[in-house]
Structures are given as structure tokens and as C-alpha cells.
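Data first, discussion second: the structure below is written as C-alpha cells.
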Amino acid sequence: MHTHHAYRVWNCCLSLKYGLMGLLAEEPLHGYEVKTRFEAMLGGTWEVNIGQVYTTLQRLERDGLVRPVGPRGDRGKLLYEVSEEGRRVLAEWMDQPDSGPQELREDIYVKLLLAARLANGDLAPLLSRQKRAYLQRLRDLNRLEERARRDGRSDLARLVRGALLHTEADIKWIDELSETAISGESE
Amino acid sequence: MSELVRLTEITKVYQGGVTGALNGVSLTVEEGEFTAVMGPSGSGKTTLLNLVAGLDRPTSGSVTVAGSDLGPLGETALARFRRDHIGFVFQFFHLLPNLTVLENVLIPAQLKSRVSSEAAGRELLAQLGIAELADRYPAKLSGGQQQRVSIARALINRPTLLLADEPTGALDTRSGDEVMELLRQLHRQGKTVLLVTHDAKLATRYAARVVSVMDGRIVDDARLETADREASDVIKVRGEETR
Ligand SMILES: Nc1ncnc2c1ncn2[C@@H]1O[C@H](COP(=O)(O)OP(=O)(O)OP(=O)(O)O)[C@@H](O)[C@H]1O
Ligand SMILES: [Mg+2]
């Protein structure tokens with residue numbers, strides 16, 4: 001039975017769970033190897049805590065999705081592989097499109113709503129500051145994408161490209177709000 | 001760095017225009033800067049670029065480029081100013097169809113010695129990777145090739161300032177990127193570049209300064225940092241973790 005808390009922990013790191021399984025499906029690995037391989041795959045965009053990797057592996061083992069290869073010795077030396085059931089569950093996850101709600105994590109959404117409630121609230125400075133931050137992010141992402149390409153990491157470049165296009169959309173949104181904020185002044 | 005362009009309180013009202021195309025624009029550009037000008041359609045970007053290029057005159061305010069105040073200059077002096085200081089790249093290339101590539105490149109060089117400018121033209125085409133196109137006609141070239149020709153034409157007089165108005169607007173992504181890489185190289189060789197674009201990705205990739213224009217006014221002027229950040233400081237996949 002899941003407590004609310006346990007469910008959240010498991011759910012927060014679904015892609016960690018399946019990411020580790022996916023790497024173990026390629027070949028059996030130790031806990032530490034699977035951690036470094038996972039981080040390398042993500043090109044440093046996700047740093048995982050080793051304790052969390054062990055916890056995840058233990059849960060996967062408990063659920064029969066991975067199993068240790070060879071004798072059970074020191075935890076750090078234990079080699080894990082994916083079970084048949086694990087491969088089936090992994091394939092099912094891979095086939096599933098991501099269809100949850102759109103996640104809007106940044107504070108700007110709440111700031112914007114609060115600012116709009118103020119009498120005579122002027123959104124322009126808020127929008128302008130946010131736009132600058134997005135432009136800087138876009139520049140940083142551009143450099144990261146170029147670096148990934150130079151390093152021959154076209155997989156990582158694809159990930160960065162996704163982030164770039166999201167940030168571009170954020171800028172379009174800010175621009176749209178700015179235009180209505182300015183034309184709204186004369187109402 | 002020294003100042004190359006200074007616009008002071010510029011307004012521009014076109015004949016028959018109800019509102020101004022530019023309404024009090026002040027802007028300075030330092031030598032060696034790569035600046036992007038962004039803004040919605042009709043916000044005044046092309047107007048701004050044309051005034052800097054001396055292709056048009058402001059209704060009020062002053063334009064100073066490379067130390068010359070353009071206001072008092074007559075048409076001949078203005079043409080000489082353009083020839084000596086400005087390279088202009090247009091969205092739709094503006095090549096003359098009945099001239100060869102090399103002849104197009106040499107248009108702005110007319111007044112100089114024929115032989116030396118022809119050699120310079122060929123060398124420029126070679127630098128831009130299109131030496132073999134010298135004797136062909138523009139209509140037979142791809143958009144990307146035509147834009148390279150127009151860049152060669154913009155560079156033939158070794159201008160101080162390169163103005164590019166949506167230079168990738170008529171190109172597919174790949175030729176657009178190639179053209180932008182050329183502009184980047186030219187900037188690294190010391191050219192000052194003023195680029196008009198709708199594309200924020202492109203602007204921030206090449207320009208460390210982004211000027212935003214809206215309704216004929218500059219609404220923001222952002223100087224961006226150029227830093228090699230750790231991937232984890234730029235992207236975070238899947239947010240925070242629980243321990
Ligand atoms: N030659 C002209 N005569 C009259 N009005 C003009 C002329 N050129 C531009 N305008 C007007 O001046 C305003 C600014 O035009 P401008 O071409 O500078 O905009 P822009 O930002 O370059 O737009 P776009 O992104 O569509 O190229 C617009 O309202 C436009 O209609
Ligand atoms: Mg224009």
C-alpha cells in the first residue's frame with residue numbers, strides 16, 4: 001500500500017526509475033556505474049544523488065523489475081540487471097506518450113496574477129525584467145547547444161533544442177502580454 | 001571601445017503617415033558590437049536601419065556615424081558616406097538580374113580602379129565560398145547563394161558598419177545558419193554588426209546586445225552575458241529531487 005508520501009517520491013522520479021532501468025537493460029551495471037551513466041546521458045542537466053539511486057534500485061528489486069547478478073556482497077559492488085517483467089514494464093512506459101497536465105513551474109505565473117490584481121498595477125516592468133531573463137537564458141542555451149554539437153553530442157543538442165524552443169515560446173508570451181499591457185494603458 | 005553610431009531623439013514621420021514610424025529614438029552603438037534589433041512588424045526596425053545607413057533622413061533628431069553628422073550632408077556627400085562606411089544586406093538580396101555575380105559585387109566599387117576592385121571582388125567571393133559563381137547570373141542561384149553575393153557586395157568597400165535587415169528571412173534554416181555564421185566571422189574580424197531579426201533564438205545566439213522596439217520606441221536595451229555555464233545551471237531536467 002502506498003502512503004501519500006511514498007507515492008510522491010516514486011512519482012517525482014518516474015524518469016529516474018525508468019532511466020535507470022533503461023540503462024540496465026543495455027547491460028548489467030553497479031549502482032555507481034548506473035548513476036554516472038545516467039548523468040552522462042543527460043549531459044549534466046540532472047545530477048542524481050547516489051543514495052537516491054540505491055533507494056530506487058532497492059524499490060525496483062522489491063517490485064521484481066531488476067535483480068542482482070551473482071552473489072550478494074557489498075551493496076556498492078552489486079551488479080543489477082533488468083528482469084523479464086522489468087523489460088515489459090519499461091517497454092510499456094516507453095510506448096506511453098506524456099499526457100499529464102502542462103507543468104508551469106516558474107514563479108512568473110503567480111507573480112503575474114498577483115501584479116494584475118493590484119489597483120493601477122503596471123505589468124510592464126515585471127514583463128520587461130522577465131523578458132531580459134529569458135533572453136539571457138536563450139543565449140546560455142544557444143551556447144550550450146553549440147557546445148554539445150562541437151562535442152559530438154547530437155542527442156544532448158536535441159534536448160537543448162527543446163529547451164530553446166520552450167524559452168522562445170516564453171518570450172512570445174511575454175511579448176504578447178507586453179503589447180496588450182501597452183495598448184491597455186489607453187483604455 | 002569607441003562610439004560608432006549615435007542616434008539622438010530621432011523621429012520619423014513618413015509622408016501621409018498618421019503616426020510616426022519612429023517616436024524619439026536615442027541609441028548609441030560602440031565599435032565592434034554585435035547588436036540585434038527586435039520588434040513586431042511595423043515597429044520601425046527597417047526605418048531605423050535606413051536612417052543609420054543614410055538611405056533616408058529623419059524628420060527630426062540627429063544621426064552621427066563614424067564621426068560624421070549626416071544631417072548637413074547633401075546627396076553626393078551622403079552617397080560617399082554610404083560607400084565608405086556602410087555595408088547593407090537586405091532580406092530579399094536586391095541583386096540586379098542583368099548583371100553577373102561579380103558585376104553585382106562591384107556595383108558599390110564603381111569609382112575605384114577597375115582592375116584592383118575586380119581582384120578584390122573575386123577574393124571576397126572566394127572567402128565567402130562562392131568563387132565559382134562569379135560569372136553566373138543571380139536568377140540561377142539559390143537563396144543562400146544570392147545572400148552570400150549580397151554580403152560580398154556589402155563588404156566590397158570594407159565598410160566599418162554592417163547593417164543586415166532580416167538577412168535570413170527569405171532563407172531555409174540551413175542556409176540561414178550559414179549566412180549567420182558568415183556574419184559572426186565578420187564580427188570576429190572586427191566588423192560592427194547591426195542585425196534586424198524577428199527571431200529571438202537567432203538574435204541571442206549571435207548578438208550580445210538585444211534592442212527591443214515597439215511602436216517606434218526603444219522599450220528595452222539588454223546587454224547579455226557571454227558565459228560558458230555548467231549544463232546544470234542552464235537546464236534542469238525534471239526539477240528538484242526528494243532525498
Ligand atoms: N516608405 C514608407 N512610406 C510610408 N510609410 C512607411 C514607409 N515605410 C514604412 N512605413 C511605415 O512606418 C512604420 C514602420 O515601418 P518599418 O518598415 O520600419 O517597420 P519594420 O519594423 O521594419 O516592420 P517589418 O518587421 O514588417 O519589416 C510602419 O507603420 C510602416 O507602415
Ligand atoms: Mg522591416
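Chain identifiers are assigned alphabetically (A, B, ...) following the order of the sequence lines, protein sequences preceding nucleic acid strands; residue numbering begins at 1 within each chain.
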Step through the shown structure and confirm whether more than 12 heavy atoms of other residues, nucleotides or ligands are within 6.0 Å of [atom1] on [X].
X	atom1	value
H166(A)	NE2	no
R158(B)	CZ	no
E230(B)	CD	no

Subject >> Validation row: D228(B), R143(A) side chains within 4.5 angstrom (heavy atoms) >> reply: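 Yes, side chains in contact.
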Subject >> E145(A) side chain near K201(B) side chain, heavy-atom distance below 4.5 Å >> reply: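 A side-chain contact under 4.5 Å is absent here.
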Subject >> Option in L164(A), I171(A), L144(A) with maximal non-hydrogen atom pairs under 4.5 Å from chain B >> reply: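 The answer is L144(A).
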**OP:** Sort out for me which of K131(A), R137(A), R147(A) touches chain B most, counting heavy-atom pairs under 4.5 Å.
**Re:**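 Of the candidates given, the most pairs with chain B belong to R147(A).
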Subject >> Spatial distance of atom CG (L138(A)) from atom OG1 (T204(B)) [nearest 0.5 Å] >> reply: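 Between atom CG of L138(A) and atom OG1 of T204(B) there are 3.5 Å.
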Original post:
So how far is it from L141(A) CG to R229(B) CZ, rounded to the nearest 0.5 Å?
Top reply: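 That separation rounds to 10.5 Å.
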Under 4.5 Å from any heavy atom of chain B - which part of [X]:
X	result
R161(A)	side chain
K172(A)	neither
L42(A)	side chain

Subject >> Candidate pair R184(B) and E146(A), rule salt bridge (Lys or Arg N to Asp or Glu O under 4.0 Å), full reasoning >> reply: CA-CA 14 Å; R184(B) 174 182 272 176; E146(A) 289 185 305; 2.8 Å; yes
Between [X] and [Y], what is the shortest heavy-atom contact and its length?
X	Y	value
S232(B)	G44(A)	CB-O, 3.1 Å
A231(B)	G43(A)	CB-O, 3.2 Å
V237(B)	L159(A)	CG2-CD2, 4.2 Å
A227(B)	D140(A)	O-OD1, 4.4 Å

Sub-3.5 Å donor-acceptor pair from the side chain of [X] to the main-chain atoms of [Y], do we have one?
X	Y	answer
Q136(A)	E225(B)	yes
R205(B)	N142(A)	no
R132(A)	D221(B)	yes
R139(A)	A207(B)	yes

Give, as side chain, backbone, both or neither, the part of [X] having an atom under 4.5 angstrom from any heavy atom of chain A.
X	result
V210(B)	side chain
A208(B)	both
D233(B)	neither
T226(B)	both

Original post:
Which residues from residues 82-96 of chain A are near chain B, with near meaning under 4.5 Å between non-hydrogen atoms?
Top reply: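 Expected list: none.
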